[in-house]
Amino acid sequence: MTSEISILNRSFFERDTKKVAQDLLGKFLVRRIGKNLFSGIIVETEAYIGPHDLACHASKGKTERTEVMFGSAGIWYVYMIYGMYYCLNVVTERKDYPSAVLIRALEPDSDLQFTTYNLRLMNGPGKLCRALRIDKKINRTSAMAKNSKLYFEDRGIKISKSRIVKAKRIGVDYAGKWKDKPLRFYIKGNKFISKI
DNA sequence: CAAGAGATCATCT
DNA sequence: GATGATCTCTTGA
């Protein structure tokens, strides 16, 4: 058995956001900068689901910023937060149903392309964007195009259900009923997640 | 180690 | 004018 490497396509993202968020654990995020490829294993995600999720930016309606979440799946949603950091999301589900998965933490790939390889390089949404030089130029671009500068690979790693921890999302205490819903997912025992 | 504050600006009211 | 899907630094036990 050879494990085949494939780039995740639209049918992967065009599904229930909670499923996509969990299925992204163990997949690789690949960033191309010039001729170089930097990659990491996704170890932590969060789901933001639809117009009723008070933590989802799109719950406040369609605006210039949130419009991308109302579009079709497999497109990057990148925004600046706290004036300093970017957060990386991929749009999910059907058109006009605003939802996305936030990529919260990566374990650096063992290819050792990073000049600083350590536990805290990409253990948070702002930090992984900084490490991979992800900014607003990525916003609204496709994660699925052949020439994407940022895309997902399935390299055959499967994370079983029993190894996935479900927890409440980070930093959304303003979200009323939705603040405690178990929409954060991470690989049990992984050393590269943002918080225990 | 935990808790608190400050950095800093795009976005929306 | 207020706020935030964060992070780092400082303080203190």
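Just so we're on the same page: letters track the sequence lines, and every chain starts at 1.
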Rounded to whole Å, please give me the gap between CG in N139(A) and C1' in dT11(B). 13 Å
Polar-atom pairs under 3.5 Å, protein N or O versus N or O of nucleotides 1-10 of chain B: list them with distances, or write none.
residue, atom, partner, partner atom, Å
dT8(B), O2, Y82(A), O, 2.6

Looking for any heavy atom pair under 4.0 Å, which part of the strands does K60(A) touch: base, sugar-phosphate only, or nothing? nothing
With a 6.0 Å cut-off (strictly less than), is the heavy-atom count around CZ of R140(A), excluding the residue itself, greater than 12? yes
Between the side chains of S142(A) and S148(A), does any donor sit under 3.5 Å from an acceptor? no
Testing K179(A), K18(A), R169(A) for salt bridge (Lys or Arg N to Asp or Glu O under 4.0 Å) with D53(A), which one passes? R169(A)
Using heavy atoms to find the nearest nucleotide of DNA chain C for R130(A) and A100(A) separately, return the residue whose nucleotide is more 5′. A100(A)
V172(A), V165(A): one ILVMFWY side-chain cluster at the under-4.5 Å cut-off? no
Step by step, would you call F13(A) with W76(A) a ring pair (Phe, Tyr, Trp, His ring centres under 6.0 Å)? CA-CA 11 Å; F13(A) 303 106; W76(A) 295 115; 7.7 Å; no
So the contacted stretch of DNA chain C, first to last nucleotide with an atom under 4.0 Å from a non-hydrogen atom of chain A, runs from dG4(C) to dT8(C)
Please state how far atom CD in E67(A) lies from atom C1' in dC12(B), giving the value in whole angstrom units. 15 Å
Do E44(A) and S194(A) pair up side chain to side chain, a donor and an acceptor below 3.5 Å, judged on atom types alone? yes
Where does DNA chain B form stems of at least three consecutive Watson-Crick or G-U wobble pairs, each pair having both distances below 3.5 Å? B:1-7 with C:6-12, B:9-12 with C:1-4
Would you tell me whether T116(A) and N118(A) have side-chain atoms, one donor and one acceptor, within less than 3.5 Å of each other? no
Short side-chain donor-acceptor distance under 3.5 Å, Q113(A) and N36(A): no
Please check if the side chain of K27(A) supplies one atom and the backbone of D23(A) the other of a donor-acceptor pair under 3.5 Å. yes
Donor-acceptor contact present, side-chain R32(A) to main-chain N147(A), <3.5 Å: yes
